[in-house]
2 protein chains.
Amino acid sequence: MSFAKDQSAGYLANHMARVFAKGLAARIKPLGLTTGTFPALLELWDTDGLTQKQLVDRLDIEQATMANTLARMERDGLVVRKKDSNDGRVQRIWLTDRARALRGPAISAAQDENAVRLAGLTQDEKRQFVALMHKVLKTKSPKEPGDA
Amino acid sequence: MSFAKDQSAGYLANHMARVFAKGLAARIKPLGLTTGTFPALLELWDTDGLTQKQLVDRLDIEQATMANTLARMERDGLVVRKKDSNDGRVQRIWLTDRARALRGPAISAAQDENAVRLAGLTQDEKRQFVALMHKVLKTKSPKEPGDA
DNA sequence: ACCACTTGCATAGCTTGCTATTCAAGTGAT
DNA sequence: ATCACTTGAATAGCAAGCTATGCAAGTGGT
């Protein structure tokens with residue numbers, strides 16, 4: 001019963017994610033951004049004024065995590081939360097000018113980080129790598145049969 | 001200047017790591033284990049009595065993170081830290097009986113989680129996937145030329 | 001022997017993630 | 001209209017990362 005950590009997909013995935021995150025964090029720190037805000041920003045740069053629920057659905061992130069992340073983003077002047085007028089429960093999230101202005105540099109930073117980390121792979125390998133990650137993510141565990 | 005998150009290796013890596021971690025966490029919770037302890041446990045199951053420094057070197061984890069993780073492990077009765085008699089600075093980490101007994105079930109849990117998550121891949125794809133992750137991890141960023 | 005430097009850990013403080021719980025606002029059936 | 005249920009968000013509390021700092025124990029040069 002041996003277990004070689006460098007043959008374990010989960011172990012490697014964790015390690016890889018930490019490497020990517022550390023690299024991206026360093027690149028976007030000068031912009032005053034942190035990694036956790038990235039997913040939400042990407043969605044909002046695409047369609048501003050989404051509700052918190054919509055963000056949670058689009059990104060596979062727990063509601064509580066999103067609420068906390070948005071609170072930090074509001075504190076840091078990236079978004080403003082406003083109650084929907086039709087439904088008093090829903091919070092709509094609106095980007096600030098500052099956040100809109102950061103789109104270009106932030107995306108560049110992410111692309112640079114990806115490029116550097118994948119520099120050792122051929123074009124074909126990069127495609128395979130992304131495709132395989134999709135395949136893994138699409139595999140639903142027995143616990144969550146349909147989806148979510 | 002568009003950015004498709006589902007084409008970004010970093011984004012996918014983060015997402016994958018969260019899925020693996022969540023799955024493993026659920027499997028080892030009944031054992032009273034959490035994911036953060038896994039790397040250290042694997043090393044110690046292999047060679048008990050390593051120093052904290054040695055653990056940090058073997059696992060690509062910051063010293064402060066390791067110190068915190070070991071503190072939690074000690075609190076939870078998984079390890080005992082004892083000062084080295086030759087060098088008063090170094091802490092040697094020793095597994096408790098409880099931790100030694102958990103080796104089998106914990107490794108099974110990790111193997112099960114890997115198997116389930118990779119169930120959608122062929123044997124060949126699994127090999128490719130692991131190989132590609134190694135290749136990415138081996139690619140050192142320009143910032144850290146030699147290694148560490 | 002002493003002083004500067006190095007080395008190994010610990011601590012403080014923060015982000016990002018999770019589960020569990022609570023609360024307020026809507027909805028529906030009677 | 002009322003009461004049970006659902007739905008959207010917030011909060012509490014914890015794990016696991018990180019950077020930055022501090023501190024005590026060794027080491028080396030003079």
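Reckoned from all heavy atoms, side chains included, excluding hydrogens, waters and symmetry mates. Just so we're on the same page: letters track the sequence lines, and every chain starts at 1.
Counting only distance, with no hydrogens or angles, the side chain of A/Arg27 and the backbone of A/Ala110 share no donor-acceptor pair below 3.5 Å. In this structure a side-chain-to-backbone donor-acceptor pair under 3.5 Å is present from A/Thr96 to A/Gly77. B/Asp48 places a side-chain N or O within donor-acceptor distance of the main-chain N or O of B/Leu95, the cut-off being under 3.5 Å.
DNA chain D lies under 4.0 Å from no heavy atom of any residue of residues 104-113 of chain B. Residues from residues 28-45 of chain B that place a heavy atom under 4.0 Å from any atom of DNA chain C: there are none. For DNA chain C, no neighbouring residue in residues 93-103 of chain A is found when judged by any heavy atom under 4.0 Å. A heavy atom closer than 4.0 Å to some atom of DNA chain D occurs in A/Asn14, A/Arg18, these being the qualifying members of residues 6-18 of chain A.
Every residue was checked against the salt bridge (Lys or Arg N to Asp or Glu O under 4.0 Å) condition with B/Lys82, not counting sequence neighbours, and none meets it. For B/Glu74, the side chain to side chain contact (heavy atoms under 4.5 Å, CB included) partners are B/Val79, B/Val80, B/Arg81, not counting sequence neighbours. Judged as a salt bridge (Lys or Arg N to Asp or Glu O under 4.0 Å), and not counting sequence neighbours, A/Asp46 has no contacts. Annotation: side chain to side chain contact (heavy atoms under 4.5 Å, CB included) contacts of B/Ala21 (sequence neighbours excluded): none.
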*Full working for side-chain contact (heavy atoms from CB on, under 4.5 Å) between A/Thr34 and A/Asp76*: CA-CA 11 Å; A/Thr34 57; A/Asp76 298 340; 6.0 Å; no

*Checking side-chain contact (heavy atoms from CB on, under 4.5 Å) for the pair A/Phe20/B/Asn14: CA distance, chi angles, key distance, verdict?*
CA-CA 8 Å; A/Phe20 271 109; B/Asn14 170 276; over 6 Å; no

*Mind running side-chain contact (heavy atoms from CB on, under 4.5 Å) on B/Leu121 and A/Val136 for me, showing each step along the way?*
CA-CA 8 Å; B/Leu121 309 197; A/Val136 170; 4.1 Å; yes

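Sorted by first and then second residue, the salt bridge (Lys or Arg N to Asp or Glu O under 4.0 Å) pairs with a member in residues 5-20 of chain B read A/Glu43-B/Lys5; sequence neighbours excluded.
Put simply, the side chain of B/Gln111 does not reach to within 4.5 Å of the side chain of B/Asn114, judged on heavy atoms. You'll find the side chain of A/Leu33 reaches within 4.5 Å of the side chain of A/Leu78, heavy atoms only. The closest side-chain heavy-atom distance from B/Phe129 to A/Gln128 is not below 4.5 Å. When side chains are defined from C-beta on, B/His134 counts as touching A/Gln7, because their heavy atoms get closer than 4.5 Å. Under the 4.5 Å side-chain criterion, counting only non-hydrogen atoms from C-beta, A/Leu41 is in contact with A/Met73.
Taking the nucleotide of DNA chain D with the nearest heavy atom to each of B/Ser85 and B/Arg75, the more 5' of the two is matched to B/Arg75.
Counting to the nearest Å, the P atom of C/dG8 and the CG atom of B/Leu50 are 14 Å from each other. Rounded to whole angstrom, the span from the CG atom of A/Leu70 across to the P atom of C/dG17 amounts to 12 Å. Per the geometry, CD1 belonging to A/Ile61 stands 5 Å off P belonging to C/dG17, to the nearest Å. Separating the CZ atom of A/Phe20 from the P atom of C/dT15 is a distance of 24 Å, rounded to the nearest angstrom. If you take CD of A/Glu62 and P of D/dT11, they are 18 Å apart, rounded to a whole angstrom. Whole-Å rounding puts the A/Leu59 CG to C/dG17 C1' distance at 14 Å. Rounded to an integer number of Å, the gap from CG of A/Asn68 to C1' of C/dA20 is 14 Å.
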All N/O pairs under 3.5 Å across the protein-nucleotides 1-3 of chain C interface:
none

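Using a 4.0 Å heavy-atom criterion, one finds that B/Ala64 contacts the bases of the nucleic acid, with or without backbone contacts as well.
A side chain to side chain contact (heavy atoms under 4.5 Å, CB included) with B/Arg92 is found for one member of B/Gln52, B/Gln54, B/Lys83 and no other, namely B/Gln54.
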*For each nucleotide in nucleotides 1-9 of chain D, reading 5' to 3', give B when a protein heavy atom comes within less than 4.0 Å of its base, S when such contact involves only the sugar-phosphate, and - otherwise.*
------BSB

Please tabulate, for side-chain N and O atoms in residues 56-64 of chain A, each donor-acceptor pair with protein atoms closer than 3.5 Å (sequence neighbours left out).
residue, atom, partner, partner atom, Å
A/Asp57, OD1, A/Lys53, NZ, 3.4
A/Asp57, OD2, A/Lys53, NZ, 3.0
A/Asp60, OD2, B/His15, NE2, 3.0
A/Glu62, OE2, B/Lys22, NZ, 2.6

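Using bins of under 30°, 30° to 60° and over 60° for the plane-to-plane angle, the ring pair B/Trp45/B/Phe38 lands in the perpendicular bin.
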